[in-house]
Amino acid sequence: MDRRVRIEEKLRESFAASYVLVVDESHHHVGHSGVRDGGGHFRAVVVSERFEGKLLVERQRLVYAVLAEEMGNDIHALSMQTLTPAQWAEQRPQ
Amino acid sequence: MSLDDPTRQRLQSIIDSGTVVLFMKGNRQMPQCGFSAQVVRILDSLIPDYTTVDVLADSEVRHGIKAYSSWPTIPQLYLRGEFVGGCDIVTEMYQSGELRNALTSPA
């Protein structure tokens, strides 16, 4: 399975997420040291009720914890948006 | 990843060495990574002085800081000894105005 899809499924399962999107942006970083080591640059959007009442730092720590195995291997860099369903509804284009 | 006491103390003293301390790749003049560069741009727009630590120049710091903060990526911003976050969080706090308040409010 494609590592992007694997990361997406892991996040969806771990957070019982109502929406997950992982984009592989590695092609923007060709020649970058992390890419040479085989790690990809990813961007993730995770929408979950589990983020309710949590600070951004706490939310992102939860994501990093779920992806601990991948960090430093498959993932060199991960930029993320961690939203509650209410925040997601607000931010979504009408 | 565990952290031995001398390394922890060393990191603690670096973090305590300034009000605003940024662990990054490269330095303020020449960031070596897009995420570090973005945080530098944001800080430059808000405050005249801050401390940067180039993790590429010191592998003990590079690996140690990730264990210290339980945060697996660089850059990492600290304000008055407290971990603030990485690039996404700094960017979001900048856009909401929260970062300006935090950086410019008296200790």
Side-chain angles (χ1 to χ4, degrees), chain A residues 7 10-11 14 20-48 51 54-84 86-88 90-91, chain B residues 1-3 15 21-26 30-42 54-59 61-99 101-102:
Chain A
I7 294 165
K10 207 163 180 181
L11 291 172
S14 308
V20 173
L21 174 69
V22 174
V23 181
D24 188 340
E25 299 189 325
S26 304
H27 57 285
H28 292 315
H29 304 271
V30 175
H32 187 289
S33 61
V35 175
R36 282 198 297 271
D37 297 341
H41 284 65
F42 295 90
R43 184 168 64 81
V45 182
V46 184
V47 181
S48 170
F51 294 142
K54 291 197 172 61
L55 298 172
L56 271 183
V57 173
E58 297 170 323
R59 295 176 187 187
Q60 297 208 357
R61 271 211 179 100
L62 290 175
V63 174
Y64 281 139
V66 164
L67 299 176
E69 235 174 81
E70 285 81 4
M71 292 306 301
N73 298 309
D74 283 343
I75 302 177
H76 172 70
L78 176 67
S79 133
M80 52 179 130
Q81 270 186 295
T82 45
L83 305 167
T84 62
Q87 288 174 321
W88 176 238
E90 258 174 50
Q91 133 159 7
Chain B
M1 191 172 28
S2 65
L3 199 54
I15 290 165
V21 178
L22 176 65
F23 290 81
M24 62 178 289
K25 293 181 179 172
M30 286 192 67
Q32 300 293 318
C33 150
F35 300 101
S36 290
Q38 183 167 337
V39 174
V40 163
R41 274 198 303 277
I42 288 173
D54 181 2
V55 302
L56 297 178
D58 190 324
S59 93
V61 170
R62 181 177 186 173
H63 296 290
I65 196 64
K66 297 177 181 177
Y68 180 94
S69 57
S70 309
W71 193 264
T73 54
I74 306 289
Q76 294 188 11
L77 181 68
Y78 291 78
L79 174 60
R80 296 182 197 96
E82 294 286 324
F83 176 64
V84 175
C87 182
D88 292 332
I89 289 175
V90 168
T91 303
E92 198 153 329
M93 287 176 71
Y94 172 65
Q95 285 163 350
S96 71
E98 201 183 327
L99 189 66
N101 291 340

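Throughout, protein chains are lettered first and strands after them, A, B, ... in sequence-line order, and every chain is numbered starting at 1. The model shown is predicted, which means the values in this text are computed figures rather than measured ones.
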Under 3.5 Å side-chain donor-acceptor pair for Thr73(B) and Tyr64(A): yes
Distance-minimising heavy-atom pair for Phe83(B) and Val57(A): CE2-CG1, 4.0 Å
Salt bridge (charged side-chain N to carboxylate O under 4.0 Å, His left out): pairs with one or both residues in residues 55-73 of chain A, sequence neighbours excluded: Lys10(A)-Glu70(A)
Region of Met80(A) in contact with chain B, defined by heavy-atom distances below 4.5 Å: both
Portion of Leu55(A) that has a non-hydrogen atom of chain B nearer than 4.5 angstrom: neither
Residue-level contacts of residues 86-99 of chain B with chain A, using a heavy-atom cutoff under 4.5 Å: Asp88(B), Ile89(B), Glu92(B)
